[in-house]
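The structure appears below as structure tokens.
Convention: sequence-line order gives letters A, B, ...; per-chain numbering from 1. Predicted model only: the values in this text are computed from it and were never measured.
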Amino acid sequence: MSQQTWQDREGGQRAASPSPHTSDGSGESEESHLLRTRRQKLESLRERGIEPFAYRFDRTHPSSRALAGFEDAEAEGRLDDEGRGERVRVAGRIVSWRGHGRSAFAHLEDGYGRIQLYFRLNVLGQERFEDLELLDLGDWLGLEGPVFRTRTGEVTVLVESWTLLSKSLRPLPRGKEEVDAETGERVVHSGFADVQSRYRQRYADLAVNPEVREVFRVRARVVRSLRDFLDDRDYLEVETPILQPLYGGAAARPFTTHHNALDMKLYLRIADELYLKRLIVGGMERVYEVGKDFRNEGIDRSHNPEFTMLEFYEAFADYRDMMTLVEQMLERAAREATGSPVVTYQGTEIDFSPPFRRVSFVEALNQALGRDLHEMTDEELRDRAREEGVEERLEGMGRGRLMDKLFGALVEEELVDPTFVVDYPVELSPLAKPHREDARLTERFELFVAGRELANAFSELNDPLDQRARFLGQVQLREAGDDETHPVDEDYLRAMEYGMPPTGGVGIGVDRLVMLLADQPSIRDVILFPTLRPEEGQGE
RNA sequence: GAGCCGGUAGCUCAGCUGGUAGAGCAACGGACUUUUAAUCCGUAGGUCCUGGGUUCGAUCCCCAGCCGGCUCACCA
């Protein structure tokens, strides 16, 4: 928003009828005015010999400890004659300011909370008190002084000296808030609410909305809990390629990129699966990986193009063993993230206490269809999918995908409490072992919670001949027009030919788990920097 | 992708049947040495998302587009 642009406009028809509020070429936007004012303060600070960007500060007390320390001292009668507790050195960002002539109150926010500051002319001296005029909301300050309690009862640092740690040159989009005297609720009078801006400028969102920081603390606890759970069971954490010459392990469209030196096309992985199972072949009996997968598909409140997946594989286990593991793992994650296995998600209680409900894929779908799936032709399935409002082009879609679409349309949203859907049709699961009792099915389960898929697992297919046949079946589907089929991976087949033990494997969508445990409605709320269209003038 | 809702000051939002915009907070100047949504006096700040159209006149009505949110459908 340059001055030039403004003048160009003023030169147009508007100039014919100038209003008293229209500036005459010296005009600048409010935003640039705010920025300019702060830069001028920065210059003034330097002129007064104050370095606006410090190197370090010795903090003795996080705000929370300064508050607690004073209250302890007060309770134990350790305050001095003037009612003051120990001297503290605190540091943080100025988030409110109330000037009173020869004194001023402010609030300082740090990573542990907030504490009030009290500045007085006769404590700081004329010069240092006047320097305060060059401070702004958002500045980082280090302060030293004794802690006391004000007449209105708030524990406060009486500032005896202060150091500017970093000058803020851009005002934070901070609103005002108060606590309702009657209800005790926090009322935000205005704030940083524009969803797009909050994701785009997550730094400002975090700075202004403390509850957002808490979401990401929960996220860290969840991920640590998952790792601890597996580490406790002698799993080894590994890292496998993100850049892959061939993608696989899921039905999804990949991102592609290019390596210049090798002059070759590379894919960003859509799943960790095939590499982790190669490790099982190699004798690493229990492995897991937490990392980003990338799928070149739509974005909505439960899908981000890059997302975090946990996959773990255990030799000598089958999918029933893995169900038990998943139950235990999620119960622990819920407890460690929220303190209870029962969490409230968007107003609905969800209980992660084992055992989870189990329903058969075919039975659940048969019930929803009112017919036996196995007696329906592909064409009947397609017609039914169309009736149920599946709006995709169904023509090239194989039988498996049709069933999956129908299941998604008819059954998934009913699955609120953690529910294992078990024994998927073989067409849907090219990497899963055939069911030991019904060759039309595979030993596979998906876990649904709150109507969304949270985990996917199977008794891993370890017969290389069967695996090759399944891959070839996928090729046929691709030729029929399905663009989310699994490609043939010869290297993976070679690995399996060396001999792969029976193995149970699980994939868990970590972002979605965090959504549940942090009670967040959108995946973007649990990803610090979600994928967004670039701002104007950036990117392509 | 479809439907609904929205885009006005740095932030949060008003703006009547069409007469070229207001408030609170933030900012700036002033008063105020225990305030806490501090208060009081004053000042400044706008491509009303973009482009067309209708009209004497459009923030407002019409059309198209861009961006976002929600709901529905789908890939974890």
- Which of residues 100-109 of chain A sit near RNA chain B, with a heavy atom under 4.0 Å from it? His100(A), Gly101(A), Arg102(A), Ser103(A), Phe105(A), His107(A)

- Message: For rG18(B), give the paired nucleotide (Watson-Crick: N1-N3 plus N6-O4 or O6-N4; G-U: N1-O2 and O6-N3; both under 3.5 Å), or none.
- Response: none

- Nearest-neighbour nucleotide for the Leu34(A) side chain, rG10(B), rC28(B), rU35(B) considered: rG10(B)

- Task: Report which part of the nucleic acid Gly99(A) touches: base, sugar-phosphate, or nothing (heavy-atom distance under 4.0 Å, all strands).
- Result: base

- If we take the P atom in both rU47(B) and rC60(B), what is their distance in whole Å? 16 Å

- Query: Between rG51(B) and rA76(B), how far is it from one C1' atom to the other, in whole Å?
  - Reply: 40 Å

- Query: What is the nucleic acid contact for Asp511(A), judged by heavy atoms within less than 4.0 Å: base, sugar-phosphate only, or nothing?
  - Reply: nothing

- Would you call Lys277(A) and Glu273(A) a salt bridge, taking side-chain N to carboxylate O under 4.0 Å as the test? yes

- Query: What's the CH2-P distance between Trp97(A) and rA27(B), to the nearest Å?
  - Reply: 11 Å

- Kindly give the heavy-atom pair with the smallest separation between Arg295(A) and Phe307(A), and that separation in Å. NE-CZ, 3.6 Å

- Determine the interatomic distance between C1' on rG42(B) and the same-named atom on rC32(B); round to the nearest Å. 16 Å

- Item | Parallel, tilted or perpendicular: ring planes of Phe148(A) versus Tyr118(A), cut at 30 and 60 degrees | tilted

- Query: Is there a side-chain contact between Asp110(A) and Val90(A), using heavy atoms and a 4.5 Å cut-off?
  - Reply: no

- Message: If you compare every side-chain N and O of Arg301(A) against the phosphate oxygens of rC72(B) (OP1, OP2), does one of them come in below 4.0 Å?
- Response: yes

- Message: Which residue in the set Leu447(A), Val506(A), Val422(A) passes side chain to side chain contact (heavy atoms under 4.5 Å, CB included) when paired with Met323(A)?
- Response: Val422(A)

- Item | Separation between the C1' atoms of rG7(B) and rU12(B), rounded to whole Å | 14 Å

- Least distance between heavy atoms, Ala334(A) atom then Val343(A) atom: CB-CG1, 4.3 Å

- Query: For Phe119(A) and rU34(B), what is the distance between atoms CZ and P respectively, to the nearest whole Å?
  - Reply: 15 Å

- Ile299(A) CD1 to rC72(B) C1', in whole Å, measures 18 Å

- Message: Does this structure show an ion pair linking Lys167(A) with Asp136(A), if we count only N-O contacts that are shorter than 4.0 Å?
- Response: yes

- Task: With heavy atoms under 4.0 Å as the rule, sort Asp404(A) into base, sugar-phosphate or nothing.
- Result: sugar-phosphate

- Query: Which base sits across from rU35(B) as a Watson-Crick or G-U pair, both distances under 3.5 Å?
  - Reply: none

- Query: What integer number of Å spans the C1' atoms of rG3(B) and rA9(B)?
  - Reply: 33 Å

- Query: Counting any heavy atom closer than 4.0 Å, what does Phe148(A) reach on the DNA or RNA strands: base, sugar-phosphate only, or nothing?
  - Reply: base

- Item | Strand partner of rG57(B), provided both Watson-Crick or wobble distances fall under 3.5 Å | none

- Can you tell me the distance, in whole Å, between the OH atom of Tyr199(A) and the P atom of rG69(B)? 7 Å

- Message: From CG of Leu117(A) over to P of rU35(B), roughly how many Å is that when rounded to an integer?
- Response: 16 Å

- Message: In whole Å, I'd like the distance from the CZ atom of Arg98(A) to the C1' atom of rA38(B).
- Response: 7 Å

- Query: Looking only at side-chain N and O atoms, does Lys41(A) come under 4.0 Å of OP1 or OP2 in rC28(B)?
  - Reply: yes

- Is any side-chain N or O of Arg151(A) closer than 4.0 Å to OP1 or OP2 of rU35(B)? yes

- Message: Tell me the interatomic distance from Ile523(A), atom CD1, to rC74(B), atom P, rounded to whole angstroms.
- Response: 17 Å

- Between Phe70(A) and Gly83(A), what is the shortest heavy-atom contact and its length? CE1-O, 3.8 Å

- Query: Is the shortest heavy-atom distance from the side chain of Val290(A) to the side chain of Met309(A) under 4.5 Å?
  - Reply: no

- Message: Base, sugar-phosphate or nothing for Glu446(A)? Non-hydrogen atoms, less than 4.0 Å.
- Response: nothing

- Whether Phe361(A) and Tyr424(A) hold their rings parallel, tilted or perpendicular, with breakpoints at 30° and 60°: tilted

- Would you mind pulling out the nucleotide paired to rC25(B), Watson-Crick or G-U wobble, both distances under 3.5 Å? rG10(B)

- Item | For atom NE2 of His33(A) and atom P of rC28(B), their distance in whole Å | 7 Å

- Regarding the side chain of Tyr118(A), the nearest nucleotide among rC74(B), rU33(B), rU35(B) is rU33(B)

- Item | Same-atom distance (P) from rC25(B) to rC40(B), integer angstrom | 8 Å

- Note on the structure: Mate of rA2(B) across any strand shown (Watson-Crick or G-U wobble, both atom pairs under 3.5 Å) is rU71(B)

- Task: With the side chain of Leu137(A) defined as its heavy atoms from C-beta on, choose the nearest nucleotide among rC11(B), rU33(B), rA26(B).
- Result: rA26(B)

- Looking for any heavy atom pair under 4.0 Å, which part of the strands does Asn122(A) touch: base, sugar-phosphate only, or nothing? base

- Taking all atoms of both residues into account, what is the closest heavy-atom pair of Met515(A) and Ser522(A), and its distance? CE-C, 3.9 Å

- Task: Classify the side chain of Glu154(A) and the base of rU35(B) as holding, or not holding, a donor-acceptor pair under 3.5 Å.
- Result: no

- Item | Base-pairing mate for rG51(B) - Watson-Crick or G-U, with both contacts under 3.5 Å | rC63(B)

- Item | Of Arg512(A) and Arg149(A), the one whose closest RNA chain B nucleotide lies more 5' | Arg149(A)

- Message: Please report the distance separating the C1' of rC48(B) from the corresponding atom of rC13(B), rounded so that it comes out in whole Å.
- Response: 13 Å

- Nearest-Å distance once atom P is located in both rU59(B) and rC16(B): 13 Å

- Query: When we call it a touch if two heavy atoms are under 4.0 Å apart, what does Glu453(A) touch: a base, just sugar-phosphate, or nothing?
  - Reply: sugar-phosphate

- Message: Under 4.0 Å, counting only non-hydrogen atoms across every strand here, what does Arg524(A) touch: a base, just sugar-phosphate, or nothing?
- Response: sugar-phosphate

